[in-house]
Q: 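Would you mind keeping the following structure in view while I ask a few things?
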Amino acid sequence: ELQKAHEQEKLLLVESHHRSEAALQEKIQALNSQLKSFHERMKRVEESLLRTDYKKHIQEHGSPSPFWEQELESLHFVIEMKNEHIHSLDKKLLYLETVEERNLLLEEKVKTLQQENEDLQVRTQNHLVMARQLSEELQAARGALEKEAQLRDQAHRDKEELLYRVLNAGDSPPFAMAAGEVPPIAT
């Protein structure tokens with residue numbers, strides 16, 4: 001029964017784990033979408049700042065040569081790629097942090113379940129020892145009861161035999177007994 005209760009508790013914990021994992025996944029998705037929209041807004045702000053800086057630079061220094069325009073575009077492209085890479089790393093970091101927290105919680109639950117399992121095993125062993133002792137006591141009581149029944153049956157047979165001898169003693173011819181001889185009595 002203890003093991004069955006332990007298994008049921010284990011199943012309930014697994015179901016609870018799955019529910020909390022699903023809830024955490026939903027939260028992660030919501031946070032990721034918020035983070036994505038924030039990054040998109042930040043990117044638009046950065047682009048607008050770059051455009052205004054670029055326009056200001058053109059107004060102050062004149063139009064750059066086509067080579068420098070290409071260099072600026074390639075640098076802008078590299079910066080965008082690096083930003084996207086950084087954002088993806090941020091997402092991975094957030095995900096790993098949540099996974100780590102969840103794993104720590106699961107490790108704690110596993111430790112408590114292992115402790116409960118050990119406690120149940122100790123209790124089961126104690127119950128087995130007690131059952132063996134009770135079984136031995138029962139065997140001893142049965143043996144004693146059987147001996148008592150045998151003694152009672154023997155006493156009943158002896159009583160019947162003595163009663164028969166007493167009742168039939170008047171019918172049988174008297175016989176001579178030697179002095180000091182005692183008739184045998186069944187014990």
Q: If you count every heavy atom of other residues, nucleotides or ligands that lies below 6.0 Å from R123 atom CZ, does the total exceed 12?
A: no
Q: Please tell me if the side chains of Q34 and L31 come closer than 4.5 Å, counting only heavy atoms from C-beta onward.
A: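 They are in contact (side-chain heavy atoms under 4.5 Å apart), so the answer is yes.
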Q: Give a yes or no answer on whether the side chain of T52 reaches the backbone of S48 with a donor-acceptor pair at less than 3.5 Å.
A: yes
Q: Within the 4.5 Å heavy-atom criterion, are R142 and L145 side-chain neighbours or not?
A: no
Q: For residues 78-86, which side-chain donor-acceptor pairs fall under 3.5 Å, sequence neighbours excluded?
A:
from : atom 1 : to  : atom 2 : distance (Å)
E80  : OE2    : H76 : NE2    : 2.6
N83  : ND2    : E46 : OE1    : 3.3

Q: Verify whether one side chain among Q154 and R157 offers a donor that lies under 3.5 Å from an acceptor in the other.
A: yes
Q: Quick one: pull up NE2 in H87 and CZ in F38 and give me the separation to the nearest 0.5 Å.
A: 8.5 Å
Q: Do K109 and L105 have side-chain heavy atoms sitting under 4.5 Å apart?
A: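 No, too far: nothing below the 4.5 Å cut-off.
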Q: Going from CG on L134 to NE2 on H127, what distance comes out if it is rounded to the nearest 0.5 angstrom?
A: 11.5 Å
Q: Please round to the nearest 0.5 Å and tell me the distance separating atom NE2 of H39 and atom CG of N32.
A: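 Answer for the NE2-CG pair, H39 versus N32, is 9.0 Å.
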Q: Atom NZ in K36, atom CZ in R41: separation rounded to 0.5 Å?
A: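 Between atom NZ of K36 and atom CZ of R41 there are 13.0 Å.
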Q: Would you mind checking if E107 and K111 are paired as a salt bridge, meaning a charged N to carboxylate O distance below 4.0 Å?
A: no
Q: To the nearest 0.5 Å, what is the distance between CG on L93 and NZ on K91?
A: 13.5 Å
Q: Take R165 and E161 through the salt bridge (Lys or Arg N to Asp or Glu O under 4.0 Å) test and state the conclusion after the steps.
A: CA-CA 6 Å; R165 283 186 184 176; E161 185 179 332; 2.9 Å; yes
Q: Check whether any side-chain N or O of N117 sits under 3.5 Å from a backbone N or O of L113 as a donor-acceptor pair, and report yes or no.
A: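 Looks like no, no N/O pair under 3.5 Å.
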Q: Could you list the donor-acceptor pairs under 3.5 angstrom formed between side-chain atoms of residues 2-29 and any protein atom two or more places apart in sequence or on another chain?
A:
from : atom 1 : to  : atom 2 : distance (Å)
S20  : OG     : S16 : O      : 3.1
S20  : OG     : H17 : O      : 2.9

